[in-house]
2 protein chains.
Amino acid sequence: MPPTLAVSTVILGIREGVEGGPDKLCLPLVRRIRQPHAGLWALPGGPVGARESLGQAAGRTLAETTGLRPNYLEQLYTFGDIDRSPTHRLVTIAYFALMHVDQVGATVRDENVAWFDIDDPQIARMAFDHRQIVDYALWRLRNKTEYGQIAHRLLGERFTLAALRGVYEAILGRRLDPANFRRTLNSTASIEATDEYQAGGKHRPPRLYRYVGHGPDPLQVDPLQVEPPQG
Amino acid sequence: MPPTLAVSTVILGIREGVEGGPDKLCLPLVRRIRQPHAGLWALPGGPVGARESLGQAAGRTLAETTGLRPNYLEQLYTFGDIDRSPTHRLVTIAYFALMHVDQVGATVRDENVAWFDIDDPQIARMAFDHRQIVDYALWRLRNKTEYGQIAHRLLGERFTLAALRGVYEAILGRRLDPANFRRTLNSTASIEATDEYQAGGKHRPPRLYRYVGHGPDPLQVDPLQVEPPQG
DNA sequence: CCGCGTTAGAGTCATTCTGACATTAACTAC
DNA sequence: GTAGTTAATGTCAGAATGACTCTAACGCGG
């Protein structure tokens with residue numbers, strides 16, 4: 001019997017911190033209703049179809065199980081140890097996705113789908129080796145050399161520097177000096193100031209910025225990044 | 001028909017430069033004797049067995065086709081586009097290996113196995129999408145944040161700073177200042193000076209150094225690095 | 001209307017890091 | 001011994017970084 005080929009996706013979003021606390025990373029999980037590991041929470045995913053690429057399979061299974069359509073999808077790692085599933089040989093290609101902040105929580109209404117904070121004790125154990133996959137995704141995210149585009153995928157089209165700094169702080173797990181953060185971003189040229197300001201706050205309105213991909217830099221992104229299916 | 005699951009490995013070694021020129025990266029390839037792509041050079045590899053992990057499959061197929069047993073093996077990427085093989089659906093997990101410099105050239109005596117310089121025009125085209133895989137391996141190598149252990153895998157147990165600098169120069173593709181190179185390495189603490197010197201040269205004998213893995217640093221290595229089979 | 005609290009945004013300063021270059025040490029070849 | 005070559009150390013200026021201060025612009029409560 002040939003091994004089963006499947007995809008699983010770690011989707012990360014940002015949840016705003018409460019009471020001035022730091023922002024938090026969170027992710028949606030699916031409760032398993034079949035054996036093995038029935039009842040445990042698992043990463044969304046499913047088998048790879050015969051007529052779709054691996055990235056397409058990741059996007060499709062993600063939409064089917066959670067209703068989410070992230071705008072960033074990157075291959076993470078392929079897990080193929082013999083005993084990772086108790087019933088059969090299972091090879092899983094894990095993907096890594098990021099969501100806009102305004103879509104966090106906009107999941108299908110289903111009691112078997114839920115968002116968890118990354119450090120929620122409920123998901124200290126997960127189905128299969130999925131906890132290991134999540135930890136690896138976090139390790140990869142924290143070791144990214146280029147956060148610019150990652151951050152703007154977690155936020156919307158326009159964002160304040162404070163929001164962007166919140167993303168960095170959530171990823172890195174420590175507070176950053178606002179002044180120095182501003183200085184470094186101003187020198188990267190991948191973040192551009194707009195002439196708009198965010199109104200409605202109680203204090204001085206912050207300027208809105210937007211991300212501009214830096215044109216002819218072939219090694220900017222993982223060159224094999226896979227786009228999710230459209231529509 | 002389920003997809004065929006295979007592994008392929010990009011093995012990189014260092015070849016000393018001629019006439020004071022820079023060192024060069026090179027890799028062994030296998031000539032295909034069957035269709036499709038018969039006659040073209042390809043990465044060593046083969047199908048994944050039912051009772052072996054993916055890393056074990058990479059090590060096994062590598063030894064079988066080339067006789068090489070590298071001491072560093074890291075998963076690279078999984079290629080699964082529908083049309084990457086003209087005859088059937090083929091999903092390949094690509095691995096990345098490094099060889100000691102004294103083993104470069106110590107390949108099985110076979111006219112269908114040969115080492116090529118990384119920029120050899122003979123391998124501008126390769127079987128399947130293997131050229132793309134090689135380019136991706138090079139991109140990953142050049143973007144490594146931590147060269148220390150990578151470099152010492154390409155060299156032997158003990159090495160001179162000049163040899164280590166040659167590795168860095170071959171990977172990065174540019175010359176480095178010897179004095180500054182020495183300074184930075186002295187401050188990393190992962191390279192340790194021995195009290196031995198390399199004799200036999202025509203000039204002042206250089207001190208030998210060795211790599212010391214830095215104990216309790218859990219994120220030092222890719223946590224999912226797979227060890228090749230022993231023996 | 002006016003001060004106050006809060007956050008946005010600009011600026012300062014000392015320390016560290018980096019690249020470029022100069023200098024001395026130790027060997028071989030002749 | 002002298003020349004030639006590489007190893008190893010030292011110096012210095014400019015860039016990058018972290019900690020901190022200072023001013024600007026808003027809402028709010030009197």
Side-chain angles (χ1 to χ4, degrees), chain A residues 16-23 142 144-148 151 155-156 158-210, chain B residues 16-23 142 144-148 151 155-156 158-210:
Chain A
E16 267 187 45
V18 288
E19 283 296 319
D23 293 357
R142 294 196 175 109
K144 278 272 178 194
T145 50
E146 239 272 321
Y147 286 110
L155 300 170
R158 280 142 206 272
F159 45 84
T160 67
L161 282 190
L164 187 58
R165 181 165 49 87
V167 172
Y168 278 69
E169 290 177 345
I171 292 176
L172 297 174
R174 61 188 169 95
R175 308 308 282 243
L176 299 172
D177 184 284
N180 295 337
F181 183 77
R182 173 184 309 275
R183 180 178 55 189
T184 41
L185 276 190
N186 279 340
S187 66
T188 61
S190 71
I191 301 286
E192 197 178 70
T194 70
D195 49 3
E196 296 173 55
Y197 294 82
Q198 187 178 68
K202 296 183 177 179
H203 315 295
R204 171 174 175 176
R207 186 186 285 267
L208 290 172
Y209 293 77
R210 63 193 183 91
Chain B
E16 268 188 43
V18 288
E19 286 293 323
D23 293 357
R142 293 194 176 113
K144 277 272 178 196
T145 50
E146 240 272 323
Y147 285 110
L155 301 169
R158 280 141 205 273
F159 44 85
T160 67
L161 282 190
L164 186 58
R165 181 166 48 88
V167 171
Y168 276 69
E169 291 178 344
I171 291 175
L172 297 174
R174 62 188 169 93
R175 306 311 278 245
L176 299 173
D177 184 289
N180 296 336
F181 183 76
R182 173 183 311 274
R183 181 178 55 190
T184 43
L185 276 190
N186 278 342
S187 66
T188 61
S190 71
I191 302 285
E192 196 177 71
T194 71
D195 48 2
E196 298 173 54
Y197 294 82
Q198 187 177 70
K202 296 181 177 178
H203 315 295
R204 172 175 175 175
R207 185 186 284 268
L208 289 173
Y209 292 77
R210 65 193 184 89

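The sequence lines fix the lettering, A, B, ..., with proteins before strands; numbering per chain opens at 1. Every value quoted in this text rests on a predicted model; they were computed, and no experiment measured them.
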- Message: By the 4.0 Å heavy-atom rule, please label B:A162 as base, sugar-phosphate, or nothing.
- Response: sugar-phosphate
- What is the distance from CG of A:L208 to C1' of C:dA8, rounded to the nearest Å? 12 Å
- Name the first nucleotide and the last nucleotide along DNA chain D (5' to 3') that come under 4.0 Å of a heavy atom in chain A. D:dT17 to D:dG27
- Task: Heavy atoms only: give me the nearest A:Q198-A:P205 pair and the separation to one decimal.
- Result: O-CB, 3.3 Å
- Note on the structure: Rounded to whole Å, the CG-C1' distance (A:L164 to C:dT7) equals 17 Å
- Mapping A:N180 and A:H203 to their closest nucleotides on DNA chain D, which lands nearer the 5' end? A:N180
- For A:Y209 and for A:R183, locate the closest nucleotide of DNA chain C by heavy-atom distance; then report the residue assigned to the nucleotide nearer the 5' terminus. A:Y209
- Query: Roughly how many Å is it from OH in A:Y197 to C1' in C:dG9, rounded to a whole number?
  - Reply: 10 Å
- Item | Closest listed nucleotide, where the reference is the side chain of A:R182 and the choices are C:dA8, C:dC27, C:dA20 | C:dA8
- Which pair of heavy atoms, one from B:R207 and one from B:T194, lies closest together, and at what distance? NH1-O, 2.7 Å
- Item | Any N/O donor-acceptor pair, B:R204 side-chain to C:dA26 base, under 3.5 Å | no
- If you count the non-hydrogen atoms of other residues, nucleotides and ligands that lie under 6.0 Å from CD in A:E196, is the total more than 12? yes
Can you give each donor-acceptor pair under 3.5 Å made by side-chain atoms of residues 159-168 of chain A, sequence neighbours left out, with the distance rounded to 0.1 Å?
from	atom 1	to	atom 2	distance (Å)
A:T160	OG1	A:A163	N	3.1
A:R165	NH1	A:E169	OE2	3.3

- The residue, A:P178 or B:T184, whose nearest nucleotide of DNA chain C is more 5′ is A:P178
- Task: Could you state the atom-to-atom distance from CG of B:D177 to C1' of C:dT18 in whole Å?
- Result: 10 Å
- Heavy-atom closest contact (B:T188 atom, B:L185 atom, distance): OG1-O, 2.8 Å
- Item | Between B:N180 and B:R183, a side-chain donor and acceptor under 3.5 Å | yes
- Task: Any chance you could measure B:D177, atom CG, to B:R182, atom CZ, to the nearest 0.5 Å?
- Result: 10.5 Å
- Query: If we fit an axis to the first five pairs and another to the last five of the helix from C:dC1-D:dG30 to C:dC30-D:dG1, what angle do they make, to the nearest 10°?
  - Reply: 10°
- Message: Measuring from atom CZ of A:R210 to atom CD of A:E192, what distance do you get when rounded to the nearest 0.5 angstrom?
- Response: 4.5 Å
